[in-house]
Amino acid sequence: MTVAASAPGKVILFGEHFVVHGAPALVASIDLRATTIVERSESGGVRLSTGSRDNPAVRAAEYVLRKLGAAASLLIGIESKIPQSVGLGSSAAVAASCSAATLHLLTGGFDRDMILEASHEGEKTVHYMPSGIDTSIATFGGAGIYTRSSGYKMLSIALDEILIVNTGRQRRTGDLVLKVKKFSERKPELFKQLLDEAGQIVEEGLDHLRSRDLEKLGRLMSRNQELLKIMGVSSPEIEEAIALCLSAGAYGAKLTGAGGGGCVIAVADPDKLDKLILRISERLEAFRVRLGVEGVRIERP
Ligand code: MEV
């Protein structure tokens, strides 16, 4: 028997990195999904059809087996529409979909808390102290506020679409999280100020979303970007992508996810998005995504 499950990627609208250190972040799922297909195999423990073992899917499936006290050999296939290592939550979506498919294959059940727990374990292959934001949004979907202490609170964010620009530069989340940790140890007072301001930005961001003020939302994104830049997680590619978005008519733009390359998000009037994409696409890959989609789900029991 084979089970397929899928989970969405994400964009962090405000608060990445600071969320690792206890501040809130505003996050939304996107309509790009990773699908994982799990089947029993004759032998070989848990492995990917590509042969690789150090993968969030493998780690998550092994965790589910351990939790259930089950011993099974599993073969895992991954089909993902989420670009990898560019800040769109691909590894968390792979981990969540694999956890769900494994759990369903072995028990016939679907338990989001268990899926979240297993995904979190899988995410540790990507970096050593994940805040849990990526796996929460992959598991529950929608959009909302995440904090390490209280977890994910789903909210209606009244923003249907956003523009994504891919700088094309892949990077490792762990390296950037470590860079911020070192910054916080080197400059504790400045870091504390930035952390406090990041928290206020999230609050303000929510207000602008509620009042659908895209212009203020854009300006706030640019402010959030400044804070990230001070900590050293921007890059020349990111700055170039942001400048392109602004000159094409976006209200504001920022990196999303860990930075160091990866993707930039930008807000603009919905009726101008296509024109912006056309202009930005002359230099970089640009596309629009729908926000607030369904979390992890079984596709083929
Ligand atoms: C990665 O999508 C977001 C970071 O804040 C890391 C994390 O929260 O685990 C950079």
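Whatever order the structure lists ligands and atoms in, that order sets their numbers, starting from 1.
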Considering the heavy atoms of [X], write down every atom of ligand 1 situated less than 4.0 Å from one of them.
X: I133; result: 8 (O)
X: D134; result: 1 (C), 2 (O)
X: H127; result: 6 (C), 7 (C), 9 (O)
X: S131; result: 7 (C), 8 (O), 9 (O)
X: V20; result: 5 (O), 6 (C), 7 (C), 8 (O), 9 (O)
X: E16; result: 5 (O)
X: P130; result: 9 (O)
X: I12; result: 2 (O), 3 (C)

- Message: Side chain, backbone, both or neither: which applies to L176 and ligand 1 if a contact is any heavy-atom pair less than 4.0 Å apart?
- Response: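 It is neither part, as no heavy atom is under 4.0 Å.
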- Message: For T135 and S119, which I'm curious about, is there any donor-acceptor pair between the side chains at under 3.5 Å?
- Response: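 Checked: T135/S119 side chains show no N/O donor-acceptor pair below 3.5 Å.
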- Side chains of E299 and T35: donor-acceptor distance under 3.5 Å anywhere?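 No, T35 and E299 have no side-chain donor paired with an acceptor closer than 3.5 Å.
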- Name the orientation class of the two ring planes belonging to F183 and F191 (parallel below 30°, tilted from 30 to 60°, perpendicular beyond 60°).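 F183 vs F191 ring planes: perpendicular.
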- Query: So, are R59 and E123 salt-bridged, with charged N and O less than 4.0 Å apart?
  - Reply: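 Looking at E123 together with R59, the answer is no, because their closest N to O distance does not fall below 4.0 Å.
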- Query: Thinking salt bridges, do E79 and R33 make one under a 4.0 Å N-O criterion?
  - Reply: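 Salt bridge between E79 and R33, a charged N being under 4.0 Å from a carboxylate O: no.
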- Message: So is K10 touching ligand 1 or not, going by heavy atoms under 4.0 Å?
- Response: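 A heavy atom of K10 does come that close to ligand 1.
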- Item | Worked check of side chain to side chain donor-acceptor pair (under 3.5 Å) between Q225 and S234 | CA-CA 8 Å; Q225 171 64 21; S234 191; 3.1 Å; yes
- Item | Closest non-hydrogen atom pair between V202 and A25, with its separation |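 Where V202 meets A25 most closely, the heavy atoms are CG2-CA, 4.0 Å.
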- Task: For residues Y63 and H120, establish whether the separation of their ring centroids is below 6.0 Å.
- Result: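 Judged by ring-centre distance (under 6.0 Å), Y63 and H120 do not meet the cut-off.
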- Message: Would H17 count as a polar contact of ligand 1, with the cut-off being nitrogen or oxygen pairs under 3.5 Å?
- Response: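 Among all N and O atoms of H17, at least one is under 3.5 Å from an N or O of ligand 1.
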- Test of proximity, T173 against ligand 1: N or O pairs below 3.5 Å: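 Between T173 and ligand 1 (N or O atoms, distance only) the closest approach is not under 3.5 Å.
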